[in-house]
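Remarks on the structure that follows.
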Amino acid sequence: MGGIQGIRIAYGADYNPEQWSREVWKEDLELMRQAGVSLVSLAIFAWSELEPSSGDYRFEWLDDVMDGLDGAGIKANLSNATASPPPWFSATFPETLPVLADGTRVWPGARQGFCPSSPIYREHALRLTRMIAERYREHPALAMWHVSNEIGNHNILCYCDVSAAAFRTWLETRYRDLDQLNEAWGTSFWGQRYSDWQQILPPRQAASFGNPTHDLDFRRFSSDACLSIYRAERDVLRSVTPDVAVTTNLTPNHREFDYWSWAPDLDVIAVDHYLKAADPDAHVELAFTADVARGLAGGEPWMLMEHSTSAVNWQPRNVAKQPGEMTRNSLQHVARGADAVMFFQWRASRFGAEKYHSAMVPHAGTETKVWREVVQLGEVLDRLAEVAGTTLQAEVAFLFDWQSGWALDTPSHPSIDVEYRDQVHSLYRSLWNAGVTVDVVAPGADLSGYGLVVVPSLYITNTGTARSIDEFVAAGGAVIVTYMSGVVDDNLHVFSGAFPGAFRDVLGVRVEEFFPLREGETATLDDGSRASVWSELLHLEGAEAIASYVDGPLPGTPAVTVNEYGEGRAWYLATRLEQGTVDNLVQDVLRTLKIRPPIPMITAPAGVEATRRTGSAGSYLFLINHGVETAHLMAKGRELITGRDVAGTLALRAGAVAVVREETG
Ligand code: GLA
């Protein structure tokens with residue numbers, strides 16, 4: 001049976017009853033029933049309510065909330081409440097407050113005001129975790145544990161002395177002896193050789209560019225330090241309730257975490273996603289984040305732990321959602337493998353930093369667009385219950401690497417305009433435009449079973465990753481690689497010889513020198529397209545040129561190439577192409593490889609998205625029209641939202657979603 005902890009498609013929100021009176025709690029339960037809420041994330045920021053002064057625990061109110069939920073048949077994704085240490089904690093232990101790179105210690109007053117490596121924080125957090133676990137271990141409302149909240153979101157990079165000591169311990173484990181560290185960090189450059197571990201500090205603000213490998217290792221350490229908080233709190237919960245699933249809400253859009261190393265520690269992957277309201281094509285970025293979540297889940301169903309019913313409060317201009325948009329966003333996540341649709345938060349707060357953030361119950365109450373849609377979405381998810389547990393299949397793997405992002409986004413590189421996420425989103429967008437489903441995978445992942453692997457700006461490429469791509473192509477696979485890939489190893493040392501070091505053989509090219517373009521400068525290619533940001537003095541060593549420059553700094557030099565390698569083929573995009581050009585190239589490659597969207601689009605105007613979830617229960621086609629015109633699409637079976645049969649084609653109006661249980665045979 002599919003579903004999150006036995007709930008088919010879980011529906012709910014962060015629930016913060018500590019902000020409300022008991023009268024409101026009663027109304028909450030009635031409204032949750034009306035909306036079809038099945039799961040709420042509870043007590044996330046409740047530490048100061050549960051332990052108002054050190055060791056003085058007050059659980060009675062939470063007992064009542066848990067009992068009320070149980071009475072209403074609603075399950076709790078109960079938090080261990082460690083995300084926001086109370087004022088008494090920071091006042092007693094000011095040394096636990098995080099320190100910025102310039103040495104400033106931040107003050108209390110917001111959430112996550114603690115150093116991730118603080119043993120004092122850990123001791124108190126684990127004590128609270130155990131108290132909560134012991135108290136609710138047998139409670140019938142308990143469905144799963146929610147460790148902390150977006151661990152590290154505000155405090156991941158702490159530069160205090162405690163972090164420095166923890167960083168050194170982490171480095172000693174990684175390098176064992178100082179010579180190895182000196183070698184890895186290239187400390188013979190700028191006279192940085194360390195002669196004692198104690199000399200090593202976090203990369204605090206220095207006189208000029210710091211050592212990039214020092215910086216990268218600090219980011220690796222910081223991601224691990226946050227993971228270690230999760231593990232420690234999870235272990236306490238597991239020791240008390242070995243059979244209750246544990247998770248935490250990840251933020252794939254936050255750049256500071258390497259979630260590939262976190263994923264195996266979560267019993268179920270849970271992510272938060274907020275639309276970039278200023279982006280008219282935000283649904284493409286939503287699709288990418290959902291695919292990242294599915295990738296972290298190894299293809300299994302995952303939870304959308306938070307998104308918003310309408311506007312948020314923390315963007316410069318908080319655009320509200322149009323009618324239907326919230327439902328469309330929610331079902332788009334389900335279409336890409338989510339088995340839970342949850343919001344921040346249940347009821348809009350009357351006070352505090354997020355009082356203008358939308359919620360399932362808005363300030364204006366139930367006579368509202370948001371509430372009507374919340375209730376309708378509950379009904380829709382109920383009708384989609386049979387989809388829970390089904391999975392997606394993809395022929396394209398998309399290689400995504402947080403660490404390459406960290407490394408490329410630091411200063412002291414050939415061009416400030418080379419941004420990791422720019423290439424990621426450009427290539428992903430082309431695949432989305434082509435309508436094909438992709439699996440987001442980690443560097444070094446098993447690529448067998450895929451027809452195409454897409455490798456946007458994989459700056460850091462170790463020999464294992466390079467070998468897996470070589471072997472994949474040699475055995476008949478196809479790969480698309482974009483510029484600034486394969487340039488450095490895990491220590492950020494440039495591969496000797498020529499760029500793109502790790503991929504020279506498979507791509508059949510040799511790059512003699514980088515030629516970044518000036519701000520706003522473009523170069524014309526002989527197919528009429530235009531390049532910007534980047535060019536490189538590239539020589540063919542087996543590859544063929546698909547397009548070459550006719551002007552700019554390198555007239556006559558190839559900019560896009562393809563190489564026959566073993567049984568397969570490798571494309572190289574050595575410049576930043578316009579989106580339409582990347583779209584055409586990707587579509588040509590997909591056509592050659594016969595990789596197709598889940599359904600033929602009969603008259604598919606731009607913006608139609610189709611995915612298929614399959615399982616023993618059946619095959620479910622999700623169709624979402626993000627465009628502005630009605631789309632006519634091929635489908636046959638029972639449409640689950642309307643309950644109508646679809647005989648062969650389906651007219652999907654602009655903004656609408658259909659989920660067809662497909663007829664087999
Ligand atoms: C994050 C947090 C929530 C809330 C929302 C607002 O996802 O986890 O507590 O602050 O952002 O969008």
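One-based numbering, in listed order, for ligands and for the atoms of each. Hydrogens, waters and symmetry mates play no part in the numbers below; they use all other heavy atoms, side chains included.
Considering backbone and side-chain atoms alike, W314 places an N or O below 3.5 Å from some N or O of ligand 1. Inclusion of N313 in the set of residues having an N or O under 3.5 Å from an N or O of ligand 1 is not warranted.
In summary, the atoms of ligand 1 found under 4.0 Å from a heavy atom of H357, numbered by their order in the structure, are 6 (C), 12 (O). Remark: ligand 1 atoms within the under-4.0 Å shell around heavy atoms of F45 are 9 (O). Heavy-atom contacts of E150 reach the following atoms of ligand 1: 1 (C), 2 (C), 7 (O), 8 (O) (cutoff under 4.0 Å). Proximity to D272 (heavy-atom distance under 4.0 Å) selects the following atoms of ligand 1: 7 (O), 8 (O).
Contacts between N149 and ligand 1 below 4.0 angstrom, taking non-hydrogen atoms only, involve the side chain exclusively. Under 4.0 angstrom from ligand 1, there are no non-hydrogen atoms of Q345.
Looking at T248 and R234, their side chains never bring a donor and an acceptor atom within 3.5 Å of each other. Side-chain polar atoms of S223 and W262 form a donor-acceptor pair below 3.5 angstrom.
V37 has its side chain out of reach of F343: every pair of non-hydrogen atoms, C-beta onward, lies at least 4.5 Å apart.
The residue from R219, R421, R255 that alone fulfils the salt bridge (charged side-chain N to carboxylate O under 4.0 Å, His left out) condition with D409 is R255. Applying the ring pair (Phe, Tyr, Trp, His ring centres under 6.0 Å) test between H283 and each of H273, H333, H626 identifies H626 as the sole match. A ring pair (Phe, Tyr, Trp, His ring centres under 6.0 Å) with Y274 holds for exactly one of H357, H254, H307; it is H357.
At the top of the distance list for atom 10 (O) of ligand 1, counting protein heavy atoms only, stands E354 OE2, 2.4 Å. Looking only at protein heavy atoms, the nearest one to atom 9 (O) of ligand 1 is R111 NH1, 2.9 Å.
Taking each heavy atom of Y420 and P456 in turn, the nearest pair found is CE1-O, 3.6 Å.
Within a 6.0 Å sphere centred on CD of Q322, other residues, nucleotides and ligands contribute 12 heavy atoms or fewer.
Here atom 11 (O) of ligand 1 lies nearest to E306 when heavy atoms of H154, E306, M305 are compared.
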